Amino acid sequence: MERGALQVRFSISIGGLAMFLLKACTLLRSSLCAWRVSVFGAYGYLNFTKSAFSEHSKMFKPEDMQANIEGKNCIVTGANSGIGYATAEGLASRGATVYMVCRNKERGEAALSEIKSKTGNQNVHLEVCDLSSIRDVKSFSSNFISKNVPVHVLVNNAGLLENNRVTTSEGFELNFAVNVLGTYAMTELMMPLLEKAAPDAKVITVSSGGMYSVPLTNDLQFSEEKFDGAKQYALNKRVQVALTEKWAEKYSNKGIGFYSMHPGWAETPGVAKSLPSFTKSLSGKLRTREEGADTIIWLALQPNEKLVPGAFYFDRSEAPKHLAFAATKSSHATIGSIYDHLRSLSGLAH
């Protein structure tokens with residue numbers, strides 16, 4: 001009888017301990033999440049604003065941006081507005097042949113005409129492609145590869161922050177489809193043309209400082225019941241940084257540089273639409289689109305041997321990928337399985 005009672009008490013104790021540990025882990029995760037967001041906010045306010053750009057720019061070398069890249073072919077996704085537009089204009093003004101990849105034909109044509117007029121460079125072209133559609137990315141890539149031109153610079157800039165859960169016609173969560181799957185497929189499919197430009201080829205993926213607030217996760221399409229568009233965007237941007245590491249490792253013998261960067265907090269139509277309260281609260285403190293694009297253009301102009309393979313850049317310098325005590329570094333170990341999953345989802349051949 002006593003033994004039975006002891007077993008019951010022991011079972012209850014184990015059950016109680018398990019519940020306690022479960023609650024403790026939930027609280028720890030919640031606290032860690034709050035810590036990451038708080039540290040990111042403070043770090044961002046000190047480093048990502050317009051005034052921080054002015055301060056950081058005191059260390060810039062003007063000669064780094066004076067190269068003429070006539071004869072080089074550059075692809076810029078999401079090029080009709082914001083940072084993508086500023087990037088396309090900056091590359092065109094330095095003589096590059098620029099291919100602007102835009103989802104909307106009318107807005108793309110208007111941006112194309114404006115850039116040609118501003119820069120005097122007539123070697124600027126519009127390519128219409130919706131990065132949320134794998135079919136569209138494959139169709140664009142097939143047509144572009146038929147041009148048989150070397151691609152010296154691919155700028156993966158197209159991005160989206162949709163606050164509501166939207167599923168594409170191909171069955172993917174919309175933010176993920178644009179920010180991760182479309183970017184992945186575009187890069188992989190452009191590899192033959194990037195190899196043609198080796199060892200002078202590079203892929204620059206535009207991430208976001210928001211990725212500091214989250215670890216890498218296998219939950220690519222945000223399975224949580226309550227959808228959080230801003231969190232999903234940050235998660236997508238963390239994937240981009242880890243993917244860049246993976247590409248640099250996987251293709252280390254191809255003569256192609258892979259780099260990620262983030263533009264700081266810039267005032268763009270996309271940010272104003274997706275984060276209106278953020279835009280309002282930082283009115284007058286946000287960077288211009290040109291300031292946001294500065295490091296993209298800087299990366300495009302630097303020889304690969306001066307850059308760190310797979311690195312994350314900000315304001316023309318290598319930046320940390322993880323904030324102190326945020327416990328995100330070890331999460332990058334899962335990128336191998338994520339890479340394989342993206343290959344499967346996109347239907348690309350091994």
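The first residue in the sequence is number 1, and the count goes up from there. Here the structure is a predicted model, which is why all the values come from computation and not from measurement.
Put simply, the side chain of Arg94 does not reach to within 4.5 Å of the side chain of Asn68, judged on heavy atoms. Val155 is not listed as a side-chain neighbour of Cys74, based on a closest heavy-atom distance of 4.5 Å or more. Here the side chains of Gln240 and Met211 are not in contact, with every heavy-atom distance at 4.5 Å or above. Asn47 places a side-chain heavy atom less than 4.5 Å from the side chain of Phe314. In this structure the side chain of Lys116 reaches within 4.5 angstrom of the side chain of Leu112, judged on heavy atoms. Side chains of Cys129 and Val137 form a contact here, defined as non-hydrogen atoms less than 4.5 Å apart. Between Leu193 and Lys196, the closest side-chain pair of non-hydrogen atoms falls below 4.5 Å. No side-chain heavy atom of Glu70 sits under 4.5 Å from any side-chain heavy atom of Asn123.
A salt bridge is absent between Lys50 and Glu267: the closest approach of a Lys/Arg side-chain nitrogen to an acidic carboxylate oxygen does not fall below 4.0 angstrom. One finds no salt bridge joining Asp294 and Arg287 here, because no Lys/Arg side-chain nitrogen approaches an Asp/Glu carboxylate oxygen to under 4.0 Å. Remark: Lys306 does not engage Asp64 in a salt bridge, criterion side-chain N to carboxylate O under 4.0 Å.
Of the residues Lys147, Arg103, Lys105, the one that meets the salt bridge (charged side-chain N to carboxylate O under 4.0 Å, His left out) test with Glu127 is Lys147.
For Asn253 against Lys250, the heavy-atom pair with the smallest separation is OD1-O, 4.4 Å. Between Asn157 and Gly78, the closest heavy-atom pair is ND2-O, 3.0 Å. Among all heavy-atom pairs drawn from Gly44 and Trp265, the shortest one is C-CH2, 3.4 Å. The two residues Ala266 and Gly292 come nearest to each other via the heavy atoms CB-CA, 4.5 Å. Taking every heavy atom of both residues into account, Ile256 and Asn304 meet most closely at C-ND2, 4.4 Å. Looking at every heavy atom in both residues, Ser141 comes nearest to Met186 through OG-SD, 4.5 Å.
Separation of atoms NZ (Lys138) and CD (Glu188) is listed at 12.0 Å; rounding is to 0.5 Å. The CG atom of Leu131 sits 9.5 Å away from the CG atom of Asn179 when rounded to the nearest 0.5 Å. Taking OG1 of Thr288 as the start and CD1 of Ile83 as the end, the distance is 9.0 Å to the nearest 0.5 Å. Annotation: the span from Asp340 atom CG to Ile335 atom CD1 amounts to 9.5 Å, rounded to 0.5 Å. With rounding to the nearest 0.5 angstrom, the CD1 atom of Ile297 is 8.5 Å from the CD atom of Glu290. The distance from atom CG of Leu220 to atom CD of Gln232, rounded to the nearest 0.5 Å, is 8.0 Å.
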**Message:** I'd like to know whether Phe144 forms a side-chain contact (heavy atoms from CB on, under 4.5 Å) with Met190, so could you lay out the CA-CA distance, the side-chain angles of the two residues, the decisive distance to 0.1 Å, and finally the verdict.
**Reply:** CA-CA 9 Å; Phe144 198 87; Met190 285 293 107; 4.1 Å; yes
**Message:** Could you go through His332 and Lys329, starting from their C-alpha distance and side-chain angles, then the distance that decides it, and tell me whether this counts as side-chain contact (heavy atoms from CB on, under 4.5 Å)?
**Reply:** CA-CA 6 Å; His332 278 214; Lys329 190 173 183 178; over 6 Å; no
**Message:** With side-chain contact (heavy atoms from CB on, under 4.5 Å) as the criterion, how do Ser132 and Leu174 come out once you've worked through the C-alpha distance, each side chain's angles and the decisive distance to 0.1 Å?
**Reply:** CA-CA 7 Å; Ser132 73; Leu174 182 58; 3.7 Å; yes
**Item:** Worked check of side-chain contact (heavy atoms from CB on, under 4.5 Å) between Leu243 and Leu342
**Value:** CA-CA 10 Å; Leu243 258 182; Leu342 293 175; 3.9 Å; yes
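Checked by atom type and distance alone, the side chain of Asp130 never pairs as donor or acceptor with a backbone atom of Asp136 at under 3.5 Å. Listed for the Ser213 side chain is a donor-acceptor partner under 3.5 Å among the backbone atoms of Gly210. Panel note: side chain Glu249, backbone Glu245; no donor-acceptor pair is recorded below 3.5 Å. With hydrogens and angles disregarded, a donor-acceptor distance shorter than 3.5 Å links the side chain of Thr334 to the backbone of Ser331. Here the side chain of Ser113 pairs no donor or acceptor atom with the backbone of Ala110 at under 3.5 angstrom. Between the Lys72 side chain and the Gly95 main chain, no donor and acceptor come within less than 3.5 Å of each other. A donor-acceptor contact shorter than 3.5 Å links the side chain of Thr295 to the backbone of Asp315. Counting only distance, with no hydrogens or angles, the side chain of Asn236 and the backbone of Val180 share no donor-acceptor pair below 3.5 Å. Formation of a donor-acceptor pair under 3.5 Å by the Thr49 side chain with backbone atoms of Leu286 is not found in this model. Of the possible donor and acceptor atoms, one in the side chain of Asn121 sits under 3.5 Å from a partner among the backbone N and O of Ala92.
Clustering ILVMFWY residues whenever any of their side-chain heavy atoms sit less than 4.5 angstrom apart, transitively, puts Ile296 in the very cluster that holds Val153. Tracing side-chain contacts under 4.5 Å through hydrophobic residues (I, L, V, M, F, W, Y), one reaches Tyr45 starting from Tyr43; they form part of the same cluster. Residue Tyr85 is grouped with residue Val128 when hydrophobic side chains (ILVMFWY) are merged at heavy-atom distances under 4.5 angstrom, including chains of intermediate members.
Residue pairs satisfying the salt bridge (Lys or Arg N to Asp or Glu O under 4.0 Å) criterion with at least one member in residues 156-172, sequence neighbours excluded, are listed as follows: Arg135-Glu170. Applying the ring-ring contact (aromatic ring centres under 6.0 Å, His included) test to every pair with at least one member in residues 102-128, sequence neighbours left out, gives these pairs: Tyr99-His125.
No hydrogens or angles considered: nothing links the side chains of Glu318 and Tyr259 as a donor-acceptor pair under 3.5 Å. Between the side chains of Asn163 and Tyr233, no donor-acceptor pair is found at a separation under 3.5 Å. Judged purely by distance below 3.5 Å, without hydrogens or angles, the side chains of Thr187 and Asn156 pair a donor atom with an acceptor atom.
Taking the six-membered ring for Trp and thresholds of 30 and 60 degrees, Trp247 and Tyr184 have nearly parallel ring planes, at less than 30 degrees apart. In this pair, Phe312 and His262 present their aromatic rings parallel. The plane angle is below 30°, not in the 30 to 60° band.
Ring-centre distance between Phe176 and Phe222: not below the 6.0 Å cut-off. Checked against a 6.0 Å centroid threshold, the rings of Phe60 and Phe53 count as neighbours.
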